[in-house]
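For reference, the structure is listed below as structure tokens.
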Amino acid sequence: MSNATAKVELTIDGQSLKVDATATVLEVALAHQVEIPYFCYHPYLSVPGNCRQCEVKVGSRQEDGSIRWMPKLQVSCNMPVAEGLVVDTRCDEVIQAQKNNMEFLLINHPLDCPICDQVGECWLQEHAYTAGMGETRFREEKVHMDKRVDIGPHVLLDKERCIQCTRCIRFCDEVTGTSELALMARGNHTEVDIFPGRPLDNPYSGNVVDICPVGALTLKEFRFKSRLWFLKTADSICPGCARGCNIKIWHRDHAIARLTPRDNPEVNKSWMCDQGRLLAPTLEAGERVREPRVEGKAVDWQEALDEAVSRLRRSGRPAGVIHPWSTLEEGWLALKVLAAAGEGGRPMLMALPAHEQGEDDDLLLRADKSPNRRGLENLLTARDAESASVADLLDRAVAGELSALLVVGEDLATLVSEEKLAAATAAGLELIVVASHENATTRAGTIVLPAGIFPEVDGTVVNFQGRVQVMRAAYPPPFLARTGAWILTRLASRLGDGSEDARPRDLFDELAAQVPAFQGLTFARLGAGGCVLPGGACETPASGSVG
Amino acid sequence: MSSDHRKGDPCGASGISDQALRRELEEIVAEYPEKRAGALMCLHRVQRHRGGLSPASQVLVGELIGISPAHVRELVTFYTLFLEETPGRYHLQLCRTLSCQLRGAGELKARIRQRLGIVPGGVTEDGLFQLTEVECLGSCDSAPVIQINDDYFEGLDGDKLDTLLDELAARPPVAGGQG
Ligand code: SF4
Ligand code: SF4
Ligand code: FES
């Protein structure tokens, strides 16, 4: 969009810049590290210009070189740039305006920071440090309002803390189109609220919590869980569906505290769905596989891996089943294992089950609940693997044509009946199972190799748009479990293909060099925003958190 | 505004059916090139017929003009003249701003309390009268003033108020026009 549009030259704080003629002063400032405080502006929402915190002094340069200043300060969020525009964001007048505005915003603010969840990411606190008075001159009684309003299944509203920036309202009007929120009454009595009996209940409701600049909107699932500075973060990708929203994993003590979206203009902007946001309980439910097992007996990794290799090799032509939650690296390795264990001459047999639910919507959610189907399909095609359904594979086992099955991440009993699975194992099928959680498949497994699951996994995935993105582990797998890539590199290397020490990034570079769809890509090129297949077109969004 | 707005009792809810009300609202909406522009007129009409704006009627108006109930409520709560609850049949809106205060609004308030047993915010047990204190009604030259539903009663004193209240109490629920 940028190349075609006209440019104008303006000066901000003495810095001369050539910028898109369609930009606003605030956008230009933010893009050039000029700090202007703001509350109501959000890059993906309309601009109401209601908070007034972003006011700056603007003028135009005259022919004689002098500057003609506008008599009043202007809100930079709604001020279009123009040729010869001069902007001053630091003069006394502007600083005083920021202070005055903060004083107004704080008049009725409850100042209950000690018990407020927003601390650490509160813009009101932030700007109070730089432009606050330090002491209030307000001697009257503050307006009191409801502090615990249940406005929806996931969101709680504290009306006293709200600064009426209308971001949450605009989100519901402009992004989800559901319009559950509005500003009721006026003057001192103004408050955000829902219509009685019409809760904030849309698939994206959690986003209003992220964009609320203060602690007025909190997520029930995270409220009072932790102070933010006790949490570590990892930039990753939501595995909830084929969208692959860019997210930040906030974690502590090897558990997810919360998931929030990361800005990627090409994928999810700064949004994510509630399903993805609240994925943690699903991932943390159930019993983890704690140690490697061979025929039900706990063994050490060495023995388990050796045993797995010998069974795979013995079978002559093992087949595989891979869950589309697996990363490209895991998929690549699984194919290497099958190829190296097989006798050659015949194509590999691999099932990549579908996981679909619901429908694609017009915002983010995809019916395909797998973060990497597209990537894995590309690998299967590139390696000429013959695709089969799980039912097919089990039928072959019953018919005596298949004696070993490498299962990565899937619970076969959710795809076919337990009886069918039992019939196949009774017919002699050996299951080499790489799994994070105990399930019918691990119980039937000949060899069970405990693996990590999101957010313990490092690797790359390809979303439905064909964008390759990097998933980063937040913490390592628990107990004796190892990541899928760790396990599979060791199997492959024992079978003679590759070194044990290959890291996911090395594996990505290796597969990118061999799979035509990934031509020209390297791990280093993926950057923060990912790259679109095939080859080129790397787009890296402005880093840093938006809103 | 169409001419039939004085149908029924100007000082009380009309007996109009839901269907007839809906038809009237549809007619209002049809008068505007942009549906949403009819919002205030629809709300006025509902309030005139029903005395106030129930949640169901706000939902209905939202449907007709294509905005969410929350945004209808935004309008309703912004304007103090819209009432979310149906008031008593006669809504006494007593001006409490300076001119009326100087000219005896306080006495009127005391008289109402004495006669009807209600203070601002209250409704009589029979649902006939409700009292609200409001800011300047813009009729300072004839202070003190009480607005009853849509009509102004000006230059009042205790005796005039008594007569007025008697007259209103004696009136049948849905009667003809009144000055
Ligand atoms: S609740 Fe938060 S986002 Fe919504 S208007 Fe208030 S301060 Fe802004
Ligand atoms: S839309 Fe899909 S990828 Fe995005 S947060 Fe939801 S489940 Fe995760
Ligand atoms: S950010 Fe400009 S007025 Fe709020």
What part of Leu183(A) lies closer than 4.5 angstrom to a heavy atom of chain B: side chain, backbone, both or neither?
-> both

Heavy atoms from other residues, nucleotides or ligands near NZ of Lys269(A) exceed 12 (cutoff 6.0 Å) = no

Has Arg36(B) got more than 12 heavy atoms of other residues, nucleotides or ligands less than 6.0 Å from its CZ?
-> no

Would a distance-only check, ignoring hydrogens and angles, find a side-chain to backbone donor-acceptor pair under 3.5 Å from Arg73(B) to Met184(A)?
-> no

Is the count of non-hydrogen atoms from other residues, nucleotides or ligands lying under 6.0 Å from Lys159(A) atom NZ greater than 12?
-> yes

More than 12 heavy atoms from other groups under 6.0 Å of OH on Tyr32(B) | yes

Taking all atoms of both residues into account, what is the closest heavy-atom pair of Ala70(B) and Glu180(A), and its distance?
-> CB-O, 3.3 Å

Taken to the nearest 0.5 Å, the spacing of Asp193(A) CG from Glu74(B) CD works out to 11.0 Å

Whether over 12 other heavy atoms sit under 6.0 Å from Glu135(B) CD | yes

Got a sec: does the CD of Glu125(B) have more than 12 other heavy atoms crowding it under 6.0 Å?
-> no

Examine distances only and state if a side-chain atom of Ser68(B) and a backbone atom of Ser179(A) form a donor-acceptor pair shorter than 3.5 Å.
-> yes

Non-hydrogen side-chain atoms of Thr190(A) and Phe78(B) separated by less than 4.5 Å = no

In terms of heavy-atom pairs under 4.5 Å with chain B, the winner among Arg198(A), Arg186(A), His189(A) is Arg186(A)

Please report the closest heavy-atom contact between His71(B) and Ala182(A), naming both atoms and the distance.
-> ND1-CB, 3.7 Å

